[in-house]
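Here's the structure, in structure tokens; my notes come after.
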Amino acid sequence: MKLNKKECRKFADPGLKMQLNNGLLHADQIEYIVCTAVKVIDHHKTLVLYVYPREKAAQGKFKPCMTIFHSTDDFITLSYRDDGKTVWRTAAFDRLDNDWYFHNKCAFYSSKDAVRVRRYFKTDKSGFKALVSAQYAILERRRLDRQRSKEKRIVKRMAGVPALPRGLKGWIHRVVMPAYFFYDYCRGVKDVPGICSACGKEIRLSGVKQGNKAICPHCGKEFTAKPRSRRGSSMYDRDTCQVIQSTGDGGLVVRIIKVYYSYQGDIPKVQIYENARQFIFTNQNGRICAEAYYYSYKNGVLLTHWKKGERPKFSQWQECFEADTCGHVYTKNLLDALAGTPWQYCPIAEFYNYWQEPMESLPFLFAYLNHPRLEHLVKTGLNSLVSDMVYRYNSKCLDETQNRTHRILGIAAEDVDFLRSIDPDMETLKIYQGYAGMKGRRDLIVWQIENKVSRDVLPVLEHMTPHKATRYLDSQYGFLRLRKTPYGAQRYQNMQALVSEYRDYLEICEKLNYNLKNSFVLYPKDLQKAHDKALCRLKHKADAKKKQDFAAVYKSIAGRFDFEKDGMKIVYPAVPDDVISEGHALHHCVGEYTSRVAEHECIILFLRQCDDETKAFYTIEIRGNKPVQVRGMKNCSPTPEVDKFIKAWEQKVLKTVPAAVA
């Protein structure tokens, strides 16, 4: 029975008056005094505990800070806050304070209070122990009720899961798990007897070496030769399998099966067990939903060992065999399992049989409902595209509103058979789409796949045909792949590095206004040397232009900012190197401002002392005829004398001339 809060409030404060000469009120080791009473609340006998702060009680303030109401199967606490308001709390007695074991801070006002608690709970334990024990028993019953309710829902969920297919164990043994030919090594013996771990039959093979593969003549399974001396006592194989079944309500369950083969002899000891389930279904709103469950091996279960959620593991970045859900897919039952569900035509069996590798089934089932052309692409044979669509990239390069294969892929109709033959991934398809209408595009994409080239090709093709580009790059890579940097590292680690450098070379030639129709320029005999030489010329050209622009700026302001006062004067730099030298002399970064001056962003001027005009003193940056920076040695601020000079210069010169830069 739950306590009635409204009725309990009527008994919140009994108006008790304690005797001020009671020694308990002056015991410093006690923080709270507890009084008890048994009241009939809402027609039920209820134990009420009134908790008083001892210090306030000693001052004659007899108002409880907490009132605890306790029935045989429920308890609740009415707590009084400092602002006079009350709040209901469900914490146990020992958790009512910030520290644990709240009862150690409390004492009963009289022995009758302790006896009343013991009698109410009908126990031989002392007062506070009886109270705490009763509350923990109630909490444990509540926990068990919650667990039972949760496990009932899980049992109901699992009710629709059918039995595992009969042929699963045989399929695992034949298809999934590896087999071995165990033999005793004997040097010089050609005809070696041994045992096939798959069927247990004795076989004699000649020319056996460790690691060699052969076919068992009895069971037809491929095995690997392994001498018994190398097997040791702890050899094992393990793998994960997935069984997809219908739950009968239009949904599916992916059952994760763990397989463990341990070899202490020639025949493995087999363990096959289910450790996780993944349910996928569409809800009433048509939305795809998934629920994960895992099998718990711990004690303390009431109805089922299945727990909702992903299996806990130490870290998502560490391998955990028990938590891994990626595995081989059992396909023999899929035709019947998918019938009558939204996945009736899902091509997961064809997709798995193409790769014959472990896969995650749940993302594939999600993708089948989200991508209307997934089945079409699998049946067309474009499985790498489907793999990227499901597990890696988005499908923005596909037009899934179309029905024809070439329109879905965004390519010409005559290219469909070619793409099927190379089975491109999503990145390769995007590249090929960029070659639409280009002659020789098929040979080009094959060359890119073989040489692992994924970028910088289109800029090269602006100047030549694909055939000429690939022929030239192949000829250059033949000897440039051996070229070293000054530090001894390989300059071109792969063809992609050479393609990227060729693109850079062509861009540099364009900036230098070279004639790229000239084969001598377009196809240099040594690409690396031609690239470095062109880059050097571009730098010289840029430096020359910067010097020219720099000089033009100071020519336009010649004499405009002249000023001399108090033994100081304004000096103009002649070339960019003057600004760089100024930065070196004063240990600041003005040397980086030469490009800004050439681009008319600012003006750099020098402040010199008239006694020695060659010695660096202060550097001034001007923007919009206003000094924005005045810096001396190590970026120090101007002295009062320098500051006075700058203000006078600004007043008499800068404000009277038109702005040189914005």
Side-chain angles (χ1 to χ4, degrees), residues 171 175-176 222 241-242 244 252 254 280 326-339 341-454 457 466:
W171 172 78
V175 178
V176 178
E222 183 183 53
C241 300
Q242 300 173 86
I244 302 174
L252 298 176
V254 181
I280 181 170
C326 182
H328 296 272
V329 180
Y330 182 74
T331 59
K332 292 188 175 182
N333 70 322
L334 285 179
L335 189 62
D336 296 331
L338 301 181
T341 71
W343 295 271
Q344 182 167 353
Y345 303 107
C346 179
I348 189 170
E350 294 88 340
F351 183 79
Y352 169 74
N353 289 329
Y354 176 83
W355 297 105
Q356 288 291 318
E357 293 179 357
M359 60 174 283
E360 287 273 8
S361 295
L362 198 64
F364 193 94
L365 297 173
F366 265 100
Y368 173 73
L369 298 185
N370 289 327
H371 296 281
R373 295 295 171 257
L374 185 143
E375 179 187 1
H376 181 101
L377 294 175
V378 171
K379 291 182 176 179
T380 306
L382 300 170
N383 290 280
S384 293
L385 275 180
V386 174
S387 180
D388 280 353
M389 178 193 299
V390 174
Y391 300 108
R392 297 176 187 87
Y393 308 109
N394 59 47
S395 57
K396 290 183 179 179
C397 66
L398 301 176
D399 186 356
E400 297 190 68
T401 63
Q402 300 293 332
N403 295 321
R404 303 292 296 275
T405 304
H406 68 282
R407 290 175 181 169
I408 296 172
L409 300 178
I411 59 173
E414 62 268 18
D415 289 333
V416 172
D417 290 339
F418 167 71
L419 284 185
R420 185 188 294 115
S421 67
I422 65 173
D423 190 19
D425 56 18
M426 201 71 72
E427 185 178 5
T428 305
L429 176 62
K430 288 180 182 178
I431 295 172
Y432 196 74
Q433 287 174 342
Y435 298 156
M438 184 183 297
K439 186 178 179 180
R441 58 185 179 275
R442 297 183 183 181
D443 293 336
L444 175 60
I445 200 68
V446 170
W447 179 85
Q448 287 187 234
I449 294 172
E450 292 175 350
N451 291 279
K452 298 180 180 179
V453 175
S454 60
V457 176

*asked:* Are the side chains of Leu398 and Leu377 in contact, using a 4.5 Å heavy-atom criterion?
replied: yes
*Considering all heavy atoms, the nearest Phe364-Cys346 contact*: CE2-SG, 3.6 Å
*Thr380 and Arg420 side chains, donor-acceptor separation under 3.5 Å*: no
*From Tyr393 OH over to Leu429 CG, what is the distance, rounded to the nearest 0.5 angstrom?*
13.0 Å
*Between atom CD1 of Ile408 and atom CD of Gln402, what is the distance when rounded to the nearest 0.5 Å?*
7.5 Å
*Derivation and outcome, side chain to side chain contact (heavy atoms under 4.5 Å, CB included), residues Val175 and His328*: CA-CA 9 Å; Val175 178; His328 296 272; over 6 Å; no
*Looking only at heavy atoms, what is the nearest atom pair of Thr405 and Val416, with distance?*
CG2-CG1, 3.8 Å
_Using the rule side chain to side chain donor-acceptor pair (under 3.5 Å), only one of Asp425, Thr428, Asp423 pairs with Ser384; which is it?_
Asp423
*Evaluate the side-chain proximity of Arg442 to Glu414: yes if any heavy-atom separation is below 4.5 Å, no if none is.*
yes
*Distance in Å, Cys397 SG paired with Gln433 CD, rounded so as to fall on 0.5 Å steps*: 5.0 Å
*Please confirm whether the backbone N or O of Met359 pairs with a side-chain atom of Gln242, one donor and one acceptor, at under 3.5 Å?*
yes
*Do the charged groups of Asp399 and Arg407 touch, with an N to O distance under 4.0 Å?*
no
*CD-CD distance between Glu350 and Glu375, expressed to the nearest 0.5 angstrom*: 8.0 Å
*Taking atom types as modelled, is there a side-chain donor on Glu400 or His371 under 3.5 Å from an acceptor on the other?*
yes
*Quick check: does any side chain N or O of Asn383 sit under 3.5 Å from a backbone N or O of Phe351, one acting as donor and the other as acceptor?*
no
_Side-chain donor or acceptor of Trp343 paired with backbone N/O of Leu365 under 3.5 Å_ = yes
*All ring pair (Phe, Tyr, Trp, His ring centres under 6.0 Å) counterparts of Phe418, not counting sequence neighbours*: Tyr432
*Straight-line distance of Leu382 CG to Asp388 CG, nearest 0.5 Å*: 11.5 Å
_Could you tell me if the side chain of Leu374 sits less than 4.5 Å from the side chain of Val390, heavy atoms only?_
yes
_Within the structure provided, determine whether Cys241 and Trp171 are in side-chain contact (heavy-atom separation under 4.5 Å)._
yes
*Decide, yes or no, whether a salt bridge links Asp415 with Arg441 under the criterion of side-chain N to carboxylate O below 4.0 Å.*
yes
*Gap between atom CG of Leu385 and atom CZ of Arg373 - 0.5 Å precision*: 15.0 Å
